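To start, the structure under review is shown below, and the notes come after it.
The shown structure was predicted, so the numbers you read here are calculated from the model rather than taken from an experiment. In what follows, every chain begins at residue 1, and chains take the letters A, B, ... in the order their sequences are listed. All values below were derived from every heavy atom in this structure, side-chain atoms included, with hydrogens, water molecules and symmetry-related copies excluded.
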Protein chains: 2
Amino acid sequence: MNSKEKILTAAIILFAQKGYSGLSMRQLALSVDLSVAAIYHHFPDKNALYLEAVRFSFSDKEQVFDQVWNSDCSAKEKLHGFIRSLIDVMLNDQNFHRLMQREILEANPERMQLLAKGVFHSQFCLLMQLMAELAPKQDAHLFATSAIGLAKYYIEYQPLLKNLPGWKLEHEIPEFMASHITSLLLNSF
Amino acid sequence: MNSKEKILTAAIILFAQKGYSGLSMRQLALSVDLSVAAIYHHFPDKNALYLEAVRFSFSDKEQVFDQVWNSDCSAKEKLHGFIRSLIDVMLNDQNFHRLMQREILEANPERMQLLAKGVFHSQFCLLMQLMAELAPKQDAHLFATSAIGLAKYYIEYQPLLKNLPGWKLEHEIPEFMASHITSLLLNSF
DNA sequence: GTCTATATGGCGATAGAC
DNA sequence: GTCTATCGCCATATAGAC
């Protein structure tokens with residue numbers, strides 16, 4: 001792995017943990033055992049480095065879902081598979097997930113457009129198609145977002161929900177949550 | 001309004017916008033027309049100021065929902081009323097909502113406990129009670145969180161969802177979204 | 001309770017040697 | 001491509017006068 005990739009890999013982790021203004025170039029340099037000046041050789045400034053780190057972190061997520069779409073399961077099973085994959089991706093790559101959370105919090109219009117077109121578009125279309133197949137008379141966009149929203153919520157809010165009454169151990173088991181979300185959607189069609 | 005309240009009120013807005021490390025004491029002092037030293041007279045350090053601002057912003061949210069619980073509507077109407085109120089609170093007080101998002105992102109265990117016990121506990125119990133009434137055989141916690149999660153998602157992700165195919169104008173109308181969420185839940189019971 | 005002045009250190013970024 | 005050294009600025013926080 002060359003220096004540029006090493007810097008980007010570390011930047012993803014540290015930006016996800018500390019946020020943009022929370023991470024200094026000095027800290028980043030220290031963590032990759034380079035000088036600050038060496039980082040500035042590879043990136044024009046801090047903002048460009050951040051944007052490239054976000055893109056880098058998003059670059060390998062597409063293919064995870066392809067095996068769901070390419071399987072010969074039923075539509076219902078595909079919905080379950082997609083939701084399960086979504087949960088797994090977010091749990092397995094917490095840095096990606098936290099970077100996403102920070103981007104959403106920022107809600108910069110141009111960056112939202114970039115994310116939508118460049119990262120989520122094709123997967124979202126496939127999900128909408130699946131929803132249209134399962135419930136032709138419903139608003140596919142609405143139900144696609146409901147699926148994603150529920151999956152994201154259970155992961156992001158787990159640290160809070162654990163402290164509220166009624167919480168059960170099974171609420172943090174991916175397969176259990178995927179099944180709950182899937183049946184919630186299927187029953188409402 | 002005294003200086004301390006003035007500082008807290010401004011801090012809520014600015015911390016919500018810029019985050020903890022994104023807001024400097026200089027900026028805050030400037031925005032309330034005081035010196036930095038004056039702020040340090042009222043708060044021991046920046047972190048204490050932040051925590052107090054978070055508490056201050058959370059302090060007036062409880063009562064919004066009381067008129068829902070105290071109304072003589074049916075259980076189904078109460079569910080709709082709660083979800084609608086939740087959406088309204090988040091839309092009307094974006095600073096509160098953004099501070100919440102930042103707290104969730106941080107996911108500090110002690111602070112999550114504080115939020116759960118001190119802020120959300122009683123409302124969450126009332127919602128669970130309602131869920132238990134509507135669907136006695138279901139997991140009330142699971143469905144209560146589903147309601148909250150869906151409401152939160154539609155608001156937080158609107159800037160992104162607008163850029164994805166299938167988005168419609170009605171998706172940003174509070175009443176429309178509240179009805180969608182309510183019927184999604186009710187149909188799945 | 002608020003000010004001015006200042007201590008002390010970290011910040012992003014650059015110059016220039018190797 | 002990486003380094004050391006440094007610039008200029010802004011950060012948090014404090015001292016002491018009023």
Can you check nucleotides 9-11 of chain D for protein contacts, nitrogen or oxygen pairs under 3.5 Å, and list what you find?
| unit_1 | atom_1 | unit_2 | atom_2 | d |
| --- | --- | --- | --- | --- |
| D:dA11 | OP1 | B:S24 | OG | 3.0 |
| D:dA11 | OP2 | B:R26 | NE | 3.2 |
| D:dA11 | N7 | B:R26 | NH1 | 2.6 |
| D:dA11 | N7 | B:R26 | NH2 | 3.2 |

Polar atom pairs (N or O), protein with nucleotides 2-5 of chain C, under 3.5 Å:
| unit_1 | atom_1 | unit_2 | atom_2 | d |
| --- | --- | --- | --- | --- |
| C:dT2 | OP1 | B:S3 | OG | 2.7 |
| C:dT2 | OP2 | B:S3 | OG | 3.3 |
| C:dT2 | OP2 | B:H42 | NE2 | 2.9 |
| C:dC3 | OP2 | B:S35 | N | 2.6 |
| C:dC3 | OP2 | B:S35 | OG | 2.8 |

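Judged by distance alone, with hydrogens and angles left aside, the side-chain atoms of B:T145 form a donor-acceptor pair with the main-chain N or O of B:H141 at under 3.5 Å. Of the possible donor and acceptor atoms, none in the side chain of A:R84 sits under 3.5 Å from a partner among the backbone N and O of A:P174. With hydrogens and angles ignored, the 3.5 Å screen pairs no side-chain donor or acceptor of B:R98 with any backbone N or O of B:K18.
Within 6.0 Å of CG on A:N47 lie more than 12 heavy atoms contributed by other residues, nucleotides or ligands.
Every residue two or more places apart in sequence or in another chain that forms a ring pair (Phe, Tyr, Trp, His ring centres under 6.0 Å) with A:F82 is listed here: A:F65, A:W69. By the salt bridge (charged side-chain N to carboxylate O under 4.0 Å, His left out) test, B:K46 is found to be paired with no residue, residues two or more places apart in sequence or in another chain being considered. For A:E133, there are no salt bridge (charged side-chain N to carboxylate O under 4.0 Å, His left out) partners at least two apart in sequence or on another chain. Residues passing the side-chain contact (heavy atoms from CB on, under 4.5 Å) test with B:V36, sequence neighbours excluded: B:M25, B:R26, B:A29, B:Y40. Looking at residues two or more places apart in sequence or on another chain, you find a ring pair (Phe, Tyr, Trp, His ring centres under 6.0 Å) between A:Y50 and A:F15, A:Y20. Remark: A:S74 pairs with A:E77 by the side chain to side chain donor-acceptor pair (under 3.5 Å) rule, at least two apart or across chains. Applying the side-chain contact (heavy atoms from CB on, under 4.5 Å) test to A:N95 and every residue at least two apart in sequence or in another chain returns A:I12, A:I13, A:A16, A:D93.
Remark: B:K61 is not positioned above the aromatic ring of B:F120, lacking an NZ or CZ atom under 6.0 angstrom from the ring centre and at most 45 degrees off the axis.
Rounded to whole angstrom, the span from the OH atom of A:Y40 across to the P atom of D:dC7 amounts to 18 Å. Following rounding to the nearest Å, A:K18 (NZ) and C:dG10 (P) show an atom-to-atom distance of 14 Å.
Comparing the helix axis at one end of the helix from C:dG1-D:dC18 to C:dC18-D:dG1 with that at the other, each defined from 5 consecutive pairs, gives an inter-axis angle of 0° (nearest 10°).
If you check residues 47-56 of chain B against DNA chain D, you find no residue with a heavy atom closer than 4.0 Å. Of the residues in residues 6-16 of chain B, none lies under 4.0 Å from DNA chain C by heavy-atom distance.
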Decide side chain to side chain donor-acceptor pair (under 3.5 Å) for B:K162 and B:H171; before the verdict, give the C-alpha distance in whole Å, the side-chain angles of both, and the deciding distance to 0.1 Å.
CA-CA 9 Å; B:K162 275 184 182 175; B:H171 293 170; over 6 Å; no
Decide yes or no on side chain to side chain donor-acceptor pair (under 3.5 Å) for A:E175 and A:H80, but give the supporting numbers first.
CA-CA 9 Å; A:E175 184 56 27; A:H80 180 274; 2.9 Å; yes
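A single hydrophobic cluster is seen to contain both B:Y157 and B:I104, as judged by linkage of ILVMFWY side chains at heavy-atom distances under 4.5 Å, directly or through other members.
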